[in-house]
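Heads up, the thing below is written out as structure tokens.
Naming convention: chains lettered A, B, ... in sequence-line order (proteins, then strands); numbering from 1 in each chain.
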Amino acid sequence: MHDLRVLRDQAEWLREGLQRRGVLDTLAPTVDRGESLEADRRALIQAVEERKAQRNANSQEVARRKRAKEDADELIAEGRALGDEIARLEQELASTEDALHSVLLEIPNVTLPDVPAGDESNNVIVKEWGTPRPSDGVKPHWEIASHLGLFDLERAAKISGSGFVVYRKGGARLVRALMNFFIDSHRDEHGYEEVWPPLLVNRATMTGTGQLPKFEDDAYATRTDDLFLIPTAEVPVTNLYRDEIVDPDAMPMAFVAYSACFRREAGSAGKDTRGILRTHEFDKVELVRYAAPEQSAEQHELLTRHAETMLERLGIPYRRKLLAAGDTGFSSAKTYDLEAWAPGVGAWLEVSSCSNFTDYQARRANIRYRPAKGEKPRFVHTLNGSALAFPRTIACLLEHYQNADGTVNVPDVLRPYLGTDVLR
RNA sequence: GGACAGGUGGCCGAGUGGUUGAAGGCACCGGUCUCGAAAACCGGCAUACCGGUGAACCCGGUAUCGAGAGUUCGAAUCUCUCCCUGUCCGCCA
């Protein structure tokens, strides 16, 4: 969410940002409306406060007269009239602020200057690592997994529905191995604090990171408790410090969390649905950082490197893609996607998305820090990235390391976790 | 899930419906004193928003005593709903 002051002071900057995302045509009327609502809001505040000041003075005079045993009936009548007028103006103010709030919620973050303008055709591959294995003669991961008995999609459909997976045998152990390998690396080598968050969170938490109210249909909700299953660990971890002022000495703060992630995926039927590439429940290790504004660009590079390192350790070829403004998520100011090569399906699979949200998310979740004693609190910058999402990583591992006989070599770093050097 | 007891400033803690943004204490900051420190004493010490020049300092105003709604000329104080915490009981891995 933007500061409502941008509507007063930086409307042109906002319009340029929308232009770069390619959404100015649709959102220009919204910005115009926001500007006028912002002016209305201030006028109403002045009107209300002026009358409240009168009422306060009036009440004090009533108190004085009563103590002096003087008559105050006339003043009391005056106060009643003021009260009615205040109630009316406050109602008007409330509806203006509601309207203003929904305007602000419709306006996406403005991307950073180094993000290319335009739609996804302007995305830039900024880096490539490793040599993609040729697709000739290699099988897709679902065939490998079926041969080795790693997933059981049929029974998953029976017990939960389509879009779920039961991992079995080496597949189940692979999930556990990836979780430990990722968390251990980030904790021990990259200095992240390990966090194990709840998977069910309340409405305020979902609102703090922007899943609600707009995207309520994308989340699973419980029937009776107004709790939601998290779509990513970003939600509980970013909300850890919601409504707090964090210690500046602790910054930047860095958290790593494994979680199951739950997504209804309404509207994405038929897209990458084969095998385990898009499921309603999947596992992911997530990195979250809180930084001071002047640190966030560098912190974004650092976090992205931490995610990349996981692919390098696993020996999976990948590329880093800088998303153009139009392809950058609503709340993000800059996003890198990491795409790993899956030779069996012959495609680059998105296994990580690393974003700098600047203060957009922090303002909504009200996460601040005080730069120095006596200074005003400022909003932190929040960043997060997957490192990594399991299912697509598993698909790439199986396809990249497959042997002609249907077995799969285990990369060195996973051997201690998996207890074997070949899945057979 | 049930029964009690609570939620007041960074912390502790007072508060009869009317100069209470809120006593007092602790912590913190500045000063006096001291060679220096401690002690003592003096002073300061919340946040947000609106306006005064869309800079600083400053000034005026409004709001905030868990949250929201209500009663009232006026609410930390009365009423209702909700949330949270503690203790006991129940249930449970």
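Between G7(B) and G68(B), the distance separating the two C1' atoms is 16 Å to the nearest Å. Nucleotides C26(B) and G21(B) are separated by 25 Å at their P atoms, to the nearest Å. Remark: the separation of the P atoms in A23(B) and C45(B) is 12 Å, to the nearest Å. The gap from the P atom of U32(B) to that of A37(B) amounts to 11 Å, rounded to the nearest Å. Spacing between G52(B) and G31(B) at atom C1', rounded to whole Å, works out to 33 Å. Comparing G43(B) with A56(B), their P atoms are spaced 30 Å from each other, to the whole Å. Between the C1' atoms of G9(B) and C28(B), the separation comes to 14 Å (whole Å). U77(B) and G15(B) have their C1' atoms separated by 8 Å, given to the nearest Å.
One interatomic measurement links the two molecules: CZ of Arg41(A) to C1' of A48(B), which rounds to 10 Å at whole-angstrom precision. As rounded to whole Å, 11 Å separates atom C1' of C50(B) from atom CD of Glu97(A). The distance from atom CG of Leu227(A) to atom P of C83(B) is 12 Å, rounded to the nearest whole Å. Atom CZ of Arg51(A) and atom P of G74(B) are 16 Å apart (whole Å). Nucleotide C73(B) holds its P atom 16 Å from the CD atom of Glu85(A), rounded to whole Å. For the pair His101(A) NE2 and C49(B) C1', the interatomic distance rounds to 16 Å; values are reported in whole Å. Leu7(A) places its CG atom 15 Å from the C1' atom of G54(B), with the value rounded to the nearest Å. Asn366(A) has its CG atom 11 Å from the C1' atom of U47(B), to the nearest Å.
Taking the six-membered ring where the residue is Trp, His300(A) and Tyr336(A) present parallel rings, their angle staying beneath 30° rather than reaching 60°.
Ion pairing between a basic and an acidic side chain is recognised when a charged N comes within 4.0 Å of a carboxylate O; Arg363(A) and Asp359(A) show such pairing. In this structure, Arg313(A) pairs ionically with Glu189(A), as a charged nitrogen and a carboxylate oxygen lie closer than 4.0 Å. Under 4.0 Å is where a charged nitrogen must lie from a carboxylate oxygen, and between Glu61(A) and Arg64(A) at least one such pair does. For the pair Arg264(A) and Asp218(A), the salt-bridge criterion is not met [side-chain N within less than 4.0 Å of a carboxylate O]. Between Arg21(A) and Glu16(A) there is no salt bridge, since no side-chain nitrogen of the basic residue lies less than 4.0 Å from a carboxylate oxygen of the acidic one.
Searching all strands for a Watson-Crick or G-U wobble partner of U16(B) with both distances below 3.5 Å returns nothing. Judged by Watson-Crick or G-U wobble contacts below 3.5 Å, the nucleotide C41(B) has G31(B) as its partner. With both pairing distances under 3.5 Å, G74(B) is matched to nothing as a Watson-Crick or G-U wobble pair. The partner of C49(B) is G61(B), judged by Watson-Crick or G-U wobble contacts that both fall below 3.5 Å. Across all strands shown, A3(B) forms a Watson-Crick or G-U wobble pair with U87(B), both key distances being under 3.5 Å. The partner of C82(B) is G66(B), judged by Watson-Crick or G-U wobble contacts that both fall below 3.5 Å. Summarising the base pairing, A55(B) is matched to no nucleotide, lacking a Watson-Crick or G-U wobble pair whose two defining distances lie under 3.5 Å. Across all strands shown, G25(B) is found opposite C11(B) as a Watson-Crick or G-U wobble partner, with both distances under 3.5 Å.
Residues forming a ring pair (Phe, Tyr, Trp, His ring centres under 6.0 Å) with Phe164(A) (at least two apart in sequence, or on another chain): His280(A).
Residue Arg64(A) is the one, among Arg64(A) and Gln10(A), whose nearest nucleotide of RNA chain B lies closer to the 5' end (criterion: closest heavy atom). Projected onto RNA chain B by closest heavy-atom contact, Leu75(A) and Gln46(A) fall at different nucleotides, the more 5' of which corresponds to Gln46(A).
Closest to the side chain of Ala63(A), from the set C73(B), G18(B), G51(B), is G18(B).
Phe228(A) and Tyr220(A) have their aromatic ring centers separated by at least 6.0 angstrom.
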Between Tyr417(A) and Asp184(A), is a side-chain hydrogen bond (donor to acceptor under 3.5 Å, both in side chains) present by the stated rule, with each step listed? CA-CA 11 Å; Tyr417(A) 293 102; Asp184(A) 286 351; 2.7 Å; yes

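Checking the phosphate oxygens (OP1, OP2) of G18(B), no side-chain nitrogen or oxygen of Arg65(A) falls inside 4.0 Å. Within the structure, every side-chain polar atom (N or O) of Arg42(A) is placed at least 4.0 Å from both OP1 and OP2 of C49(B).
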Contact pattern, 5' to 3', of nucleotides 57-71 of chain B - B, S or - by protein heavy atom under 4.0 Å: ----BBS--------

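Among the heavy atoms of the strands lying under 4.0 Å from Arg5(A) are primed sugar atoms or P, OP1, OP2 only; no base atom is included.
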